[in-house]
Amino acid sequence: MNGEGTGDGDGTVKMEEAQERVVHMWGYLPGALPQRAPLLSPVPVRTSAATAAAWRDVCGGGCGFAMAISDSGKLITWGSTDDLGQSYVTSGKHGETPEPFPLPTDATVVNAAAGWAHCIAVMDNGEVYTWGWKECVPSGKVFGDPTIGGNLEKEALERQTSFLTEQVSPQSQGSKSSGGSLSGVDSKSAGEESTKRRRISTAKQAAESSSSADETLSAFPCLVSLSPGVRIALVAAGGRHTLALSDVGQVWGWGYGGEGQLGLGSRIRMVSSPHPVPCIESSYVKDRSMGFSRGNMSSEGQNFRVPGSYVKQIACGGRHSAAITDAGALLTFGWGLYGQCGQGSTDDELSPTCVTSLLGIRIVGVSAGLWHTVCVSADGDVYAFGGNQFGQLGTGVDQAETLPRLLDAPSLENINAKAVSCGARHTALITEDRKVFCWGWNKYGQVTA
């Protein structure tokens, strides 16, 4: 299970790779369900000759579609429909039966992720392709016929007016954090109203934030231009931003960064090319008393050496991000309104910030949802923090947590967590003995499996 945040929207399937490499799904995926009714129990995902009937990894999905990698290294998508806006474009227009997505390369896919309205795939040669919302697609070589794609994109945009409403709380408020700007990249004042920073209420507004309405969607994969010698190993896709992790543990980011989710130190509204995210070099800590004893605190108590030499895992939520170092330190950055950065406050974090309350606990896995974050320790414990309006933290109450909280539910006693995946408003967990636990929003059966 390889969930990367908000890709599954509100009611999309949760998927498990069973021991016999059969993928199961449950929840709501209209294009894969003839009656468009939620699946209340797991059902095997059908296969075809084109998918080789074997699976290597499950990559979650975007709004209205699901995505996986076949054993032969093909990117497989299914569930899109012709009346759900961007899903029809970004998923390859595949419906009930999973089909290979047409990437412009013979290389095999080793990792992939889907965000709110964009996708990204990593090939075995280290190349990266991305497509979907053009604000999520950095400058690079685009493959395909623009004359054909233009019509598809325009039709999809016309259908998405009622669908592309970003899910935010009516109680949104401003952040106290502030930041500078990145040279050569457009930025926005930190004093801008949060409702303008954080909300896209209609597709028209979404189009206005891009260069033009007809260019909002890109149906064709774009080869991401990276610095010479950079080979990407892992990717993560958020609401409108992307992180990529190189084979030497360097994080790169691009897309929208108005809440600091790119970790570049300021409210960058748009980064059109991959930029290195400084995770190991330095981090931000709010309180001198929270400093790590082996670190080198500055005279102001603001910077210290992050435990570890490189980043080994990344995750993107709706508007925040997370990274884990090889030493097991957890870093978070981005939107913090609900405490999803785990720093004990609701401030946005504009730079990678070490979650100091977890220092001494080796974190090995993390996933981020729309408003929450969940991580797993090497001991198999689960920690959750952030928004909890739908019980997505699994604490038994609906109170938000601004600091990581150890989950101690009776159902999790004597189990060792192996992997965690956050949907927009719910969470799924796989244990070492291959049991699956789900909690959170259940309107579409995504929890009652």
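Quick note: numbers below take in every heavy atom, side chains included, and nothing from hydrogens, waters or symmetry partners.
Residue-environment remark: NZ (K418) stays at or below the threshold of 12 foreign heavy atoms within 6.0 Å.
For the residue pair A112 and V109, the shortest heavy atom distance occurs at CB-CG1, 4.4 Å.
The distance between the ring centers of Y256 and W133 does not fall below 6.0 angstrom.
Annotation: side chain of T242 is in contact with side chain of H118 (closest heavy-atom distance under 4.5 Å). With a 4.5 Å cut-off on side-chain heavy atoms, F65 and F101 do not count as touching. Between P274 and P138 the shortest side-chain heavy-atom distance falls below 4.5 Å. Looking only at side-chain heavy atoms (C-beta outward), V224 and L226 come within less than 4.5 Å of each other. Inter-residue side-chain proximity for I120 and V128 is flagged as met; some heavy-atom pair is nearer than 4.5 Å. Looking at T373 and V366, their side chains come closer than 4.5 Å, going by heavy atoms from C-beta outward. Looking at F437 and L407, their side chains never come closer than 4.5 Å, going by heavy atoms from C-beta outward. Under the 4.5 Å side-chain criterion, counting only non-hydrogen atoms from C-beta, K74 is not in contact with I69.
Separating the CD atom in E349 from the CD atom in Q340 is a distance of 10.0 Å, to the nearest 0.5 Å. We find the CG-CD distance between L103 and E127 to be 11.0 Å, quoted to the nearest 0.5 Å. From E401, atom CD reaches atom CG of L406 across 11.5 Å, with rounding to the nearest 0.5 Å. Atoms CG and CZ, from L331 and F333 in turn, are 7.5 Å apart once rounded to the nearest 0.5 Å. With rounding to the nearest 0.5 Å, the separation of CG in D348 from OG1 in T353 is 10.5 Å. Considering SG of C341 and CD of E259, their distance stands at 10.5 Å, rounded to 0.5 Å.
By the side chain to side chain contact (heavy atoms under 4.5 Å, CB included) test, P102 is found to be paired with no residue, residues two or more places apart in sequence or in another chain being considered. By the side chain to side chain donor-acceptor pair (under 3.5 Å) test, Q313 is found to be paired with no residue, residues two or more places apart in sequence or in another chain being considered. Listed by chain and residue number, H94 satisfy the side chain to side chain donor-acceptor pair (under 3.5 Å) test with T77 (two or more places apart in sequence, or in another chain). The salt bridge (charged side-chain N to carboxylate O under 4.0 Å, His left out) check on R362 picks up nothing, with sequence neighbours excluded.
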Show me the donor-acceptor pairs, under 3.5 Å and distance only, between side chains in residues 392-399 and residues at least two apart or in other chains.
from	atom 1	to	atom 2	distance (Å)
Q392	OE1	Q389	N	3.3
Q392	OE1	F390	N	2.8
Q392	NE2	G387	O	3.4
Q392	NE2	Q389	OE1	3.3
T395	OG1	N388	ND2	3.1
T395	OG1	V397	O	3.4

Compile the donor-acceptor pairs under 3.5 Å between side chains in residues 230-238 and protein atoms, sequence neighbours left out, one pair per line.
from	atom 1	to	atom 2	distance (Å)
R231	NH1	N125	O	2.9
R231	NH2	D124	O	3.1

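Residue C354 is tested with T332, L330, L359, T325 for a side-chain contact (heavy atoms from CB on, under 4.5 Å); the sole match is L359.
Between the side chain of S421 and the main chain of A428, no donor-acceptor pair closer than 3.5 Å is present. A donor-acceptor pair is defined here as one N or O able to donate and one able to accept, closer than 3.5 Å; such a pair exists between the side chain of N442 and the backbone of V447. The backbone N or O of C119 sits less than 3.5 Å from a side-chain atom of T130, completing a donor-acceptor pair. With hydrogens and angles ignored, the 3.5 Å screen pairs a side-chain donor or acceptor of W254 with a backbone N or O of C136. Listed for the N111 side chain is no donor-acceptor partner under 3.5 Å among the backbone atoms of V122.
Relative ring orientation between Y338 and W371 is described as tilted, the plane-to-plane angle lying within the 30° to 60° band.
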